[in-house]
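Chain A is the first sequence line, chain B the second, and so forth, proteins listed ahead of strands; every chain is numbered from 1. All values reported here derive from a predicted model rather than from experimental measurement. Only this structure's heavy atoms are used, side chains among them; waters, hydrogens and symmetry mates stay out.
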Protein chains: 2
Amino acid sequence: MIPTRKANKRQLILDEAAKLFKQKGFGGASMRDLASEVGIEAASMYNHIKSKDEILELICFRVSGMYISQLAEIEATAASYVEKIKALISLHIRLMIEDGAAVSVANHDWKYLREPALTEFKNARKQYEKGFAALIEQGIAAGEFQPVNVSVALFTILSAVRWVELWYRPGRELSAEELEANIITMLLTGLEKK
Amino acid sequence: MIPTRKANKRQLILDEAAKLFKQKGFGGASMRDLASEVGIEAASMYNHIKSKDEILELICFRVSGMYISQLAEIEATAASYVEKIKALISLHIRLMIEDGAAVSVANHDWKYLREPALTEFKNARKQYEKGFAALIEQGIAAGEFQPVNVSVALFTILSAVRWVELWYRPGRELSAEELEANIITMLLTGLEKK
DNA sequence: TTAGTAAACAAACGTTTGTTAGTTTATCGG
DNA sequence: CCGATAAACTAACAAACGTTTGTTTACTAA
């Protein structure tokens, strides 16, 4: 079995693109850069992908799809709201660690999507935020959470989880589990000692 | 007094550049885009600035300078650590609201700085983070804060404050003061009700 | 062996990029 | 009114961009 022929080169291009876009930004990464990372000429990539824009779309929508499907799973469980929010925070951290490059691109470079993909992506994100916000709102109504402004709580959590991409390295002092536990403590019980 | 001649066009270019870089990213914004925003031709801008790179440097270092000098002021006060951290969070939110475009650029596009500016900027940021982290560490030692991992606390706070740029609009439901109060509550006492 | 095809290539395409050069216009001090 | 100067303009530059074209290579199926 020789892997030269079959081995999905399209996926390899997408993976390398995610890494490169994260590093240099969508505009800063050229198709020649990417090709050299893949190990072929720029022109040859067009046998596997339609355009640079398509690469970005595929990365962004794969990520948004993961978040939305996972949110649906969490919504469907019978856990408390505290547990559901913890699960969501955990989801974000885990995806960031396991698929950091793609998640970074979906977080930062989505704005370079062309219409109609741009609008579609924004809608997907808004849908996700709405679902997340609803859980916070219900948690407040159920008396599990403080009566904080829902949007503030939502975006504080979503943002607080993003820095993991900039900070986490596999061989860091903190393991993924410890990291997760610390962030959840910060967000749910706060910095101040009572 | 006619403002046509004197009125600092250099500053106008920098202000418009910050807005445009925030909107399109440094790579995505062309000098012709920027010139059209300023109301002159691209070539004419070179009577006021040296290069596109210089524009980015001026924006980034003005922002980093503001943060560092303000941190020094806060460090010098005699307040409790809780108050100092609150002051820092307040500082971030206020700068984001008052100078959002420039802060955004310094947050996102600093990586397009060319050496030696890039290294210099990274060092400035590291210096700021070190000072911030020291306050958290001392606050824990003084028993004011929970014994959470210092890096986690630091980056959670720094990130949690960034979304204000994406979210805050002058005519929003929440005033700047309410926004600030809500974020501080979230970060210091957490989402969960005790 | 041969025909078909997936995937690589080199070369060139038309744009757009940041920037420079040279020139013209407008304002102000004398 | 005249000369100086700041700041605008037009035109052009080389380089880099994403992409297309036409061709060659190498593997597979008949």
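One finds no side-chain N or O of H48(B) lying less than 4.0 angstrom from the OP1 or OP2 phosphate oxygen of dA6(D). Contact check, K9(B) against dA8(D): a side-chain N or O comes under 4.0 Å of OP1 or OP2.
Going from atom CG of L12(B) over to atom P of dA8(D) covers 10 Å, rounded to whole Å. One atom, CD of Q11(A), and another, P of dA7(C), lie 15 Å apart when rounded to the nearest Å. Separating the CD1 atom of I40(A) from the P atom of dT25(D) is a distance of 18 Å, rounded to the nearest angstrom.
No hydrogens or angles considered: nothing links the side chains of S44(A) and E41(A) as a donor-acceptor pair under 3.5 Å. When only modelled atom types and interatomic distance are considered, D15(A) and Q11(A) share a side-chain donor-acceptor pair under 3.5 Å. Remark: the Q146(B) side chain and the T189(A) side chain contain an N/O donor-acceptor pair separated by less than 3.5 Å.
Between I55(B) and M31(B), the shortest heavy-atom contact is CD1-CE, 4.4 Å.
Remark: R94(B) CZ is packed, more than 12 non-hydrogen atoms of other residues, nucleotides or ligands lying under 6.0 Å away.
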Quiz item: Taking protein heavy atoms under 4.0 Å as touching, what does nucleotides 10-22 of chain C look like 5' to 3' if B marks base contact, S marks sugar-phosphate-only contact and - marks none?
Solution: B-B----BBBBB-
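For H108(A) and F26(A), the gap between ring centers reaches or exceeds 6.0 Å.
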